[in-house]
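What follows is a set of notes on a single structure, which appears directly below.
Convention: sequence-line order gives letters A, B, ...; per-chain numbering from 1.
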Amino acid sequence: MGSVLRLCSTLGLLRRGKQVHGYVIKTHFESNDYVVTGLVDTYAKCNCIMEAEYLFRMMPDKKNHVMWTAMVAGYSQNGEALKAMECYRDMVVEGVESNQFTFPSILTACAAVKAVDFGAQVHGCIVRTGFEANVFVQSALVDMYAKCSNLDRAARVLENMEVDDVVSWNSMIVGCVRQGCEGKALSLFQKMHAKDMKMDSFTYPSVLNCFASMKDIKNAMSVHCVILKTGFEDYKLVNNALVDMYAKQGSLDCAFQVFNHMPIKDVVSWTSLVTGYAHNGHHEEALRLFIDMRKAGIYPDHIVLASILSACAELTVLEFGQQVHANFVKSGLKSSLSVDNSLLTMYAKCGCIEDASRVFDSMQIQDVITWTAIIVGYAQNGKGKDSVRFYEQMIASGTKPDFITFIGLLFACSHAGLLESGRSYFASMEKDYGIKPGAEHYACMIDLLGRSGKLVEAEALLNQMDVEPDATVWKALLAACRVHGNLELGEKAAKNLFELEPNNAVPYIMLSNMYSASGKWEEAARIRRMMKSKGVNKEPGCSWIEVNSIVHSFVSEDRGHERTAEIYSKVDEMTLSIKEAGYVPDTSFALHNLDEKGKELGLAYHSEKLAVAFGLLTVPPGAPIRVFKNLRVCGDCHSAMKYVSRAFHRHIILRDSNCFHHFKEGQCSCGDYW
DNA sequence: CTAGGGTTAG
């Protein structure tokens, strides 16, 4: 019976194991130590930890050390590290001695939950009982220390080993990679070669992972050759690591090639490709691959869901994201921090701050990413004061803010015009949390100071930066100069932008407009000519709206849509009724070389107005109209939208290149400052 | 009768 059970446990044969269990009961062997140990082990290996636990507990008080070990191992192998530790503790309390089988199991459990203190105590017992020469015990120690970020102690155990054990070396390499010590990992791998150690199918995934984070394509390709030569190309995990490594390098063709040659692909293979495409900016392709994965019958896991939701967030495709959310709920997968964080971000980026907030409220635990996401989300949606409220809650909850949190927080302060809070948070980040401000933080501060009319202070802050000002910093300064009519400083900012972003038309247009506004027509024309001669083109303004999963896009005075006639008469109806309510077209946003009537006509059919009119025609009453624009919304359109939201009792959400505008009952969430 | 290591996200 013992050998049959051994076979069942090794092969994971649950049904045959249950048959043996029935036979054990029939033949009254249910109190035989050897037999019950075998059953405990079989059930544990078949992921039936409850049954294993039941049999273990039903045994009379005195259980031998082998059965205890089987139970500890069972918990550990079923991902119940804490229970494994509890069980081991009970074993020690009962006075049962551990052996060379017990220690590796309990150390694995410690490694899984990074319980380095518990692990170190076990290490003490190992030394006391003389098991430290056992190679299984040693490798488990190396792995435990490495996983608990204690590379030094791991290395010490490794160095004291008498044999060159590939398992221990593999563990050490993985530990180094996870700690960001890729160089150490690589030199270990080279040492393995020098020692002529036999690599196995576990070595390659770790080493490839190392090359992936080092972006070392040359070495990676030669290892790929070795893999082919030594016959390791049939291992799924090796191939998954290859796909991931090539995808992370941006060599999507190579990644795809390896992927296509794999006879069996699992969710990890697909995820590596999906994230590879997403990271290289091909978000649509990532969504398409996700659909292909589902068609291939692969069920998504938490990781692929988190990636796909962040692709949805990047593309602001709300309906796709909602479907992914719905499928996640239906799938019965347990909710997880990473998926919830991605859902939260997706909703916030799509302008659904209420849904983002609902996700936040539903979460059992929040980490720094959660808090940062909600802070940024509220700020992007024009509710900077709520962001600040969440930041204070975060601090009260004991979560430490990081570099990114402060970008979100300062962004919130600047968009809400919270000058004093912004100043004090900016000072606090280095003083209280030791985080050195980066260009991103300075850009927010300069934006905040600029909006508050403190141009002198903004310039002073720029001059005292200890990091090189990047384009975002100069853009913030330029925007401030435009609002406050400071030509001289504006020229300086624009000139820096011409160099940093030579293909960006925005600084040319802004500077030219600033010249026009102060009557310097010659200068304005000169900038336009300069722009033309450098071949820089203004990106055409474009707005779009998603209705029933179809995207309808419009440019200014667009007549290409099949319902053009209806759309234009809706725009005219819109204009007429908001004029009655007091709207006056702001012709300062129109072209200069037209008379008043011509200017007004030029404004009337801007892309965002066409998209909103289409929304009024197609989106059911009561539902919000969500429009996206590639550029900043024009001032006249912004004013018109406020009136439309009141006259038509509609919540209009317009996401432009800068932020979300929530128009409701004649008001905009941005407070008219954007 | 009982034991150790690998790949995917943010």
Practice problem: For A:Phe103 and B:dG5, give me the distance from atom CZ to atom P, rounded to whole Å. | Solution: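 So the CZ-P distance, A:Phe103 to B:dG5, works out to 17 Å.
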task: In whole angstrom, give the distance that lies between atom CG of A:Asn78 and atom P of B:dA3.
output: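 Taking atom P of B:dA3 as the reference, CG of A:Asn78 is at 12 Å.
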Given [N], is OP1 or OP2 found less than 4.0 Å from the side-chain N or O atoms of [X]?
| X | N | value |
| --- | --- | --- |
| A:Lys45 | B:dC1 | no |
| A:Arg178 | B:dG5 | no |
| A:Ser310 | B:dG10 | yes |

Do the charged groups of A:Glu86 and A:Lys83 touch, with an N to O distance under 4.0 Å?
-> no
Among the candidates [options], find the nucleotide nearest to the side-chain atoms of [X].
| X | options | value |
| --- | --- | --- |
| A:Ser338 | B:dT8, B:dG6, B:dG10 | B:dG10 |
| A:Phe202 | B:dG6, B:dT2, B:dT8 | B:dG6 |
| A:Asp244 | B:dG10, B:dT8, B:dA3 | B:dT8 |
| A:Val167 | B:dA3, B:dG6, B:dG5 | B:dG5 |

For A:Ser269, the side chain to side chain contact (heavy atoms under 4.5 Å, CB included) test, sequence neighbours excluded, returns A:Asn240, A:Phe259, A:Met262, A:Lys265, A:Asp266
TODO: Could you verify whether a donor N or O on one side chain and an acceptor N or O on the other, from A:Asp402 and A:Thr405, lie under 3.5 Å apart?
DONE: yes
Between the side chain of A:Asn280 and the main-chain N/O of A:Gly276, is any donor-acceptor distance below 3.5 Å? yes
